[in-house]
Visitor: 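Structure in structure tokens, see below.
Only a predicted model underlies this, so the values are computations on that prediction, with no experimental measurement involved. All values below were derived from every heavy atom in this structure, side-chain atoms included, with hydrogens, water molecules and symmetry-related copies excluded. Quick note on labels: first sequence line is chain A, next is B, and so on, each numbered from 1.
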Protein chains: 2
Amino acid sequence: MKKSSLEDVAKALGVSKTLVSMVLNGKATQYGISKKTEERVWKMVEEMGFKPNATARKLRTGKSNVLGLIVADISNPFYAKIARSVEDAANKKGYHMLICSSDENPKREADLISILADQHQVDGLIVSSTLDDPQMFDKLTLQKTPFLLLDREFASGLFPSVTVDNRKGAEMLVQHLLDKGVNNIGLITLSPSHLSTLKDRITGYKDALKKNKIELKDALLREVSFENLREDIIKEVDFLLSAPHKVRAIFALNNLVALYALEAIHHKGLKIPQDVALVSFDDIELFRFTSPPITAISQPLEQLGEHAMEMLFGLMNNKDKEGVENGTSTNGHRVVLPVELMVRNSCG
Amino acid sequence: MKKSSLEDVAKALGVSKTLVSMVLNGKATQYGISKKTEERVWKMVEEMGFKPNATARKLRTGKSNVLGLIVADISNPFYAKIARSVEDAANKKGYHMLICSSDENPKREADLISILADQHQVDGLIVSSTLDDPQMFDKLTLQKTPFLLLDREFASGLFPSVTVDNRKGAEMLVQHLLDKGVNNIGLITLSPSHLSTLKDRITGYKDALKKNKIELKDALLREVSFENLREDIIKEVDFLLSAPHKVRAIFALNNLVALYALEAIHHKGLKIPQDVALVSFDDIELFRFTSPPITAISQPLEQLGEHAMEMLFGLMNNKDKEGVENGTSTNGHRVVLPVELMVRNSCG
DNA sequence: AACAAAATCTAAACCGGTTTTGTTTACTTT
DNA sequence: AAAGTAAACAAAACCGGTTTAGATTTTGTT
């Protein structure tokens, strides 16, 4: 049983495929097709179970109703949740998602962008980029591929983006620790260290210290590598908790770091928050269930998805009009969403 | 800056697009194209940054290098991990994934299957199905769309599938409880109750009781609805823990149920495992971090993905040969992977 | 130098839709 | 009754590749 084509339907009715196509696209009236014929078409389409071939349609019209999403790792609950919210928002408009994981590998991400944009030519692209160099996105801009940076952006601020207030969030977290009387705070970030999220969080950390007139000790800012997370974190937790630093709190810059830090602390037989406090940027469900539950910055993941889609559709629709309108580029559109401090019991 | 096409490249070189196409597909030698010409083509392709249009290619060849994956919810860590392992296996063969969430909604899933198979015509489809009726899959079989059931299968066993030994896993879990001296065990399953995974796990529960000559009390098998999980679970946990049943352990049939049950138990001010034991089918990272860590059945998620891809590729390759070969249908291929009991501290 | 064979490359059809342009037929209008 | 005008539909071009069926050039042979 082969699938039936437009032509099959047309032949079965003794009409042209033009006519069938017009009916299916709701242009029957516009092209003066009689009500009677239109009904015959619909009936036959139903009867033969005809479904238009999206590939053929895409080739002619340039529209596939497929969007690309590139994240570091779809199995990380943070991105999984984002993906879901993006998917839901996309579905509402009749779109589906090609989802890819870059594994924080710039080469891989560049390849994925090219595959999705140049080869598959998705209608739009959402990237939580691990790239250092914005040239891929300059290229997308030139090619007029509608795209959007999600969660992470570039320093230039030249591209459309939907992000979260990382700087403010980090400051809130550190301020919370200071309010609890903890002021010797180690920070664990991770490579690739050029990511805007990480840089902004570190800035937030410094902001808080400065506002409270606390001296910044560079030795307390530790960086672990994404490829060697677990071991590196064990090492750094050890470093921070031993003399001479004897830190009283650890600020994990994302949920993965927090998780491994938690393990490392437990493994050393230390108690949270008695021996050391632990806070995390990125709240994940897990943190409500750990012992103790971990204080973290919660990001509005559903809103990230919704805003991203809204903006991306804006870009997609403006694509044609661009240049015809005025000089106001659709670039430069940026949304920064507020975050929330979830106070739990990991800070005493 | 518009993307360049095959024809652009051909014109720039003063050759036919046939030739360029052949070179790009590695058929230069086969079609007797001179080494010199071939090199000129590669150079120009590189220079012009030509990337073949996957849509046009798909229309002619029928191959898109895109696979579909339908799961209940990509934000559920269980499916997120599966998606990732499937993605990795697919990538290795040059494929990418269209990922959709059905939300355990049969209508939605049927729509998604049709969109992916009939409209987008993905090269292959992997479904963790929430459907009760196998007719959609009969249709796919007739249409010769290569597909595979993942995690959940149908009673008939007629479709290719990669699953996990749910029955045995549940039995192991219950046996573990019995070994610990806990023998009044409540079970919480969820709707839709026709899912093979849930049914098999319930059978496993019964197997264990039977082997240990323990009377099965139907009242201890509780079902909560997917749409109303949290509240239903609070209610059922309450029911099981109160007179007259006063259950000593709760067997949560998946990770979501376990999570909410854990919350409900904590909320009642009860201690695990002193007051009640808790075990879960589906191990998720979170269970290592809860207090206490939860004993669970761990499923080999990476292997699920790998086996799924291997089988799907087998089906995709046999598609053409089918009928030419012999009567041995590729249907009926089924893989059942073993599970592992992760003993932690939630059973005393 | 003539002709077959081999080597190299091209024109055109095709995939299945959408869109542009063209053609019938019936109906007015004068 | 001839000309003009809608109304209703169809033919053909197009999207950008791949593939089939030729076409042309080069080489080899006598």
Side-chain angles (χ1 to χ4, degrees), chain A residues 2-41 44-45 48-66 115 117-121 123 143 320, chain B residues 2-41 44-45 48-66 115 117-121 123 143 320:
Chain A
K2 345 138 208 181
K3 289 154 201 153
S4 45
S5 70
L6 241 201
E7 187 143 31
D8 296 336
V9 176
K11 271 183 183 158
L13 284 168
V15 299
S16 71
K17 56 182 194 164
T18 309
L19 191 152
V20 180
S21 170
M22 285 165 166
V23 170
L24 263 78
N25 290 305
K27 297 177 177 170
T29 316
Q30 176 186 341
Y31 285 102
I33 287 156
S34 72
K35 272 275 163 282
K36 203 170 49 184
T37 310
E38 182 175 358
E39 271 165 32
R40 286 206 310 138
V41 170
M44 184 59 79
V45 163
M48 298 178 70
F50 170 76
K51 305 277 172 179
N53 178 328
T55 307
R57 179 177 275 177
K58 156 92 186 161
L59 185 57
R60 179 69 229 242
T61 64
K63 269 208 60 176
S64 60
N65 279 31
V66 170
I115 289 171
D118 300 334
Q119 307 197 194
H120 288 295
Q121 299 187 192
D123 295 346
Q143 287 178 190
D320 329 303
Chain B
K2 344 137 206 179
K3 289 155 200 151
S4 46
S5 70
L6 242 201
E7 189 143 30
D8 296 336
V9 176
K11 273 184 182 157
L13 284 168
V15 300
S16 71
K17 54 181 194 167
T18 309
L19 192 152
V20 180
S21 169
M22 285 166 168
V23 170
L24 263 79
N25 289 305
K27 297 178 177 169
T29 316
Q30 176 186 341
Y31 285 102
I33 287 156
S34 72
K35 272 275 163 284
K36 204 172 49 186
T37 309
E38 182 176 357
E39 269 165 34
R40 287 207 307 137
V41 170
M44 183 59 78
V45 163
M48 299 179 71
F50 169 75
K51 305 278 173 179
N53 178 327
T55 307
R57 180 176 273 175
K58 156 91 186 163
L59 185 57
R60 180 68 228 244
T61 66
K63 269 207 60 176
S64 60
N65 280 31
V66 170
I115 288 170
D118 300 335
Q119 307 196 193
H120 289 294
Q121 300 188 189
D123 295 345
Q143 287 177 190
D320 329 302

Visitor: Nucleotides 3-6 of chain C: which of its N/O atoms have a protein N/O under 3.5 Å away?
Guide:
none

Visitor: If we fit an axis to the first five pairs and another to the last five of the helix from dA1(C)-dT30(D) to dT30(C)-dA1(D), what angle do they make, to the nearest 10°?
Guide: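 Taking the rotation axis at each end, their angle is 70°.
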
Visitor: What residue pairs, at least two apart or across chains, pass salt bridge (charged side-chain N to carboxylate O under 4.0 Å, His left out) with a residue in residues 51-60 of chain B?
Guide: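 Listed by first then second residue: Lys58(B)-Asp123(B).
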
Visitor: With sequence neighbours excluded, give me every side chain to side chain donor-acceptor pair (under 3.5 Å) pair touching residues 10-20 of chain A.
Guide: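 Found none.
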
Visitor: Test of understanding: with salt bridge (charged side-chain N to carboxylate O under 4.0 Å, His left out), list the residues that count as partners of Lys35(B), not counting sequence neighbours.
Guide: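 Result, salt bridge (charged side-chain N to carboxylate O under 4.0 Å, His left out) vs Lys35(B): Glu38(B).
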
Visitor: Would you say that Val15(B) contacts Arg40(B) through its side chain, given a criterion of any heavy-atom pair below 4.5 Å between the two side chains?
Guide: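 They are in side-chain contact.
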
Visitor: Could you list the donor-acceptor pairs under 3.5 angstrom formed by side chains in residues 23-33 of chain A, with sequence neighbours left out?
Guide:
from: Asn25(A); atom 1: ND2; to: Ser21(A); atom 2: O; distance (Å): 2.9
from: Asn25(A); atom 1: ND2; to: Ser21(A); atom 2: OG; distance (Å): 3.4

Visitor: Let's go through Val66(A) and His120(B) carefully: what are the C-alpha distance in whole Å and the side-chain angles of both, what is the deciding distance for side-chain contact (heavy atoms from CB on, under 4.5 Å) to 0.1 Å, and is it a yes or a no?
Guide: CA-CA 9 Å; Val66(A) 170; His120(B) 289 294; 3.5 Å; yes

Visitor: In chain order, what residues pass the side chain to side chain donor-acceptor pair (under 3.5 Å) check against Ser5(B), with sequence neighbours excluded?
Guide: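 In terms of side chain to side chain donor-acceptor pair (under 3.5 Å), with neighbours along the sequence ignored, Ser5(B) is linked to Asp8(B).
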
Visitor: Grab the CG-C1' distance between Leu19(B) and dA11(C) for me, whole Å please.
Guide: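 Atom CG in Leu19(B) sits about 13 Å away from atom C1' in dA11(C).
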
Visitor: Checking side-chain contact (heavy atoms from CB on, under 4.5 Å) against Leu13(B), which of Leu19(B), Val41(B), Thr37(B), Val45(B) comes through?
Guide: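 Single side-chain contact (heavy atoms from CB on, under 4.5 Å) partner of Leu13(B) among Leu19(B), Val41(B), Thr37(B), Val45(B): Val41(B).
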
Visitor: Mark up nucleotides 15-23 of chain D, 5' to 3', with B wherever a protein heavy atom is under 4.0 angstrom from a base atom, S wherever such an atom reaches only the sugar-phosphate, and - elsewhere.
Guide: BBBBBB---

Visitor: Could you pull out the closest heavy-atom pair between Leu59(B) and Thr55(A), with the gap in Å?
Guide: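 That would be N-CG2, 3.7 Å.
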
Visitor: From CD of Gln30(A) over to P of dA8(D), roughly how many Å is that when rounded to an integer?
Guide: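 That distance rounds to 15 Å.
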
Visitor: Specify the separation, in whole Å, of atom CZ of Arg40(B) and atom P of dC9(C).
Guide: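 Checked: the CZ to P distance equals 8 Å.
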
Visitor: Rounded to whole Å, how long is the line connecting atom CD of Glu38(A) with atom C1' of dC9(D)?
Guide: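 Those two atoms, CD and C1', are 14 Å apart.
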
Visitor: The criterion is side-chain contact (heavy atoms from CB on, under 4.5 Å); which residues satisfy it with Lys3(A), sequence neighbours excluded?
Guide: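 Lys3(A) satisfies side-chain contact (heavy atoms from CB on, under 4.5 Å) with Asp118(B), Gln121(B), Gln143(B), Thr145(B) once adjacent residues are dropped.
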
